[in-house]
Amino acid sequence: MSADIVDQLTEDPYPNLPVERGPHGRGVGKWVPEEKHLYLTRYINATREAQKKFKQRVLIDPFGGPGRIQVEGENFTRDGGSVIAFRESCFSGAPFTKVLVGDLDESRARANEMRLAAIQAPAKHFVGPAVETVDAMAKAVPFGALALAYLDPYNLEYLSF
Ligand SMILES: C[S@@+](CC[C@H](N)C(=O)[O-])C[C@H]1O[C@@H](n2cnc3c(N)ncnc32)[C@H](O)[C@@H]1O
């Protein structure tokens with residue numbers, strides 16, 4: 001199945017958990033599902049044959065958010081980046097064998113892990129600033145695994161590492 005048609009309009013298994021609505025809280029821009037998440041899925045789909053050569057495939061997402069987004073002006077929520085990425089890896093025939101999600105906010109990191117677990121993703125959450133959690137995440141990558149890092153902060157200043 002193509003990356004382009006990943007259904008982001010799935011039901012939220014945990015509607016009471018946090019949702020990403022952007023730094024101002026009004027909702028993320030329409031470009032998030034239409035461009036950012038689309039390109040993420042296209043990349044995963046386009047690299048599927050390389051991914052299949054590895055027994056262990058790891059997604060590293062240190063700014064993972066809660067695994068669910070709401071677009072400004074919409075009255076429903078959609079899958080967040082990590083959830084979309086895992087779904088796409090399954091559709092592409094090379095499911096991630098580990099999905100490592102971090103966030104500064106513990107409730108968001110936990111929500112992300114729970115939403116991933118609800119779709120059988122082998123997820124593990126990390127709490128703290130990415131500049132610190134990235135080391136623990138890297139240690140959680142099995143030797144010889146192929147890892148994809150999805151770095152998605154609100155601001156590029158957080159990419160100091
Ligand atoms: C753009 S949102 C993430 C959206 C998510 N990647 C997606 O595609 O659905 C950025 C997230 O980074 C978190 N954050 C902010 N500063 C951070 C930091 N220094 N380290 C880790 N996470 C941080 C915020 O709490 C927020 O959940």
Side-chain angles (χ1 to χ4, degrees), residues 3-47 57-92 96 98-119 121-141 147-161:
D4 300 15
I5 54 172
V6 172
D7 181 15
Q8 298 171 12
L9 304 181
T10 55
E11 200 174 326
D12 185 357
Y14 297 105
N16 296 322
L17 292 184
V19 170
E20 168 62 28
R21 295 189 174 87
H24 43 60
R26 294 190 300 272
V28 302
K30 190 84 174 148
W31 68 276
V32 170
E34 289 185 351
E35 295 182 52
K36 183 166 72 175
H37 289 168
L38 175 64
Y39 296 141
L40 175 63
T41 58
R42 280 194 176 161
Y43 182 84
I44 291 167
N45 185 256
T47 55
R57 297 171 293 269
V58 183
L59 177 69
I60 301 175
D61 185 4
F63 300 91
R68 197 84 190 168
I69 62 164
Q70 186 165 16
V71 172
E72 190 166 4
E74 291 186 347
N75 63 1
F76 55 89
T77 62
R78 303 168 182 254
D79 283 340
S82 56
V83 174
I84 286 175
F86 181 72
R87 285 192 201 282
E88 179 57 40
S89 73
C90 297
F91 291 145
S92 296
F96 288 117
K98 267 192 176 185
V99 182
L100 309 177
V101 288
D103 204 281
L104 193 57
D105 180 328
E106 181 171 3
S107 66
R108 286 172 164 246
R110 283 186 184 279
N112 201 339
E113 183 185 287
M114 288 171 71
R115 286 180 169 125
L116 283 162
I119 56 168
K124 180 169 164 54
H125 78 275
F126 297 76
V127 180
V131 70
E132 291 174 13
T133 56
V134 74
D135 285 338
M137 289 174 138
K139 281 188 186 127
V141 176
L148 169 65
Y150 169 47
L151 304 178
D152 184 28
Y154 287 142
N155 192 310
L156 291 183
E157 74 182 87
Y158 296 113
L159 292 183
S160 56
F161 57 90

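In listed order, ligands and their atoms are each counted from 1. Please read these numbers as outputs of a predicted model, since none were measured by experiment.
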For [X], atoms of ligand 1 separated by under 4.0 Å from a heavy atom:
X      : value
Leu104 : 16 (N), 17 (C), 21 (C), 22 (N), 23 (C)
Gly65  : 27 (O)
His37  : 7 (C), 8 (O), 9 (O)
Gly128 : 20 (N), 21 (C)

Main-chain N/O of [Y] paired to [X] side chain as donor or acceptor, under 3.5 Å:
X      : Y     : answer
Ser89  : Phe86 : yes
Arg21  : Val71 : no
Arg78  : Thr10 : no
Asp103 : Gly65 : yes
Ser82  : Gly64 : no

Please confirm whether [X] comes within less than 3.5 Å of ligand 1 when only nitrogen or oxygen atoms on both sides are compared.
X      : result
Phe63  : yes
Asp105 : no
Lys36  : no
Arg108 : yes
Gly80  : no

To which protein heavy atom is [atom] closest, and what is the distance rounded to 0.1 Å?
atom                    : result
atom 1 (C) of ligand 1  : Asp152 O, 3.3 Å
atom 2 (S) of ligand 1  : Tyr154 CE2, 3.5 Å
atom 21 (C) of ligand 1 : Ala130 N, 3.4 Å
atom 19 (N) of ligand 1 : Tyr158 CD2, 3.7 Å
atom 9 (O) of ligand 1  : Gly81 N, 2.9 Å

| task | Take every heavy atom of Arg68, measure it against each atom of ligand 1, and state whether any distance is under 4.0 Å. | result |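 False for this residue.
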| Within-shell test, Pro23 vs ligand 1, heavy atom, strictly < 4.0 Å |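 For ligand 1, residue contact (heavy atoms, under 4.0 Å) with Pro23 is absent.
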| Heavy-atom contacts under 4.0 Å between Pro62 and ligand 1: side chain, backbone, both, or neither? |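 The answer is the backbone.
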| field | Residue part near ligand 1, for Ile69, under 4.0 Å between non-hydrogen atoms | value |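 Side chain only; the backbone of Ile69 stays clear of ligand 1.
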| message | Given the ring of Phe126, does Lys124 sit roughly above its face, with NZ or CZ under 6.0 Å from the centre of the six-membered ring and within 45° of the axis? | response |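 Because its charged atom sits under 6.0 Å from the ring centre and within 45° of the axis, Lys124 does stack over Phe126.
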| query | Counting heavy atoms only, which of Asp103, Asn112, Val131 is nearest atom 25 (O) of ligand 1? | reply |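 Result: the heavy atom closest to atom 25 (O) of ligand 1 is in Asp103.
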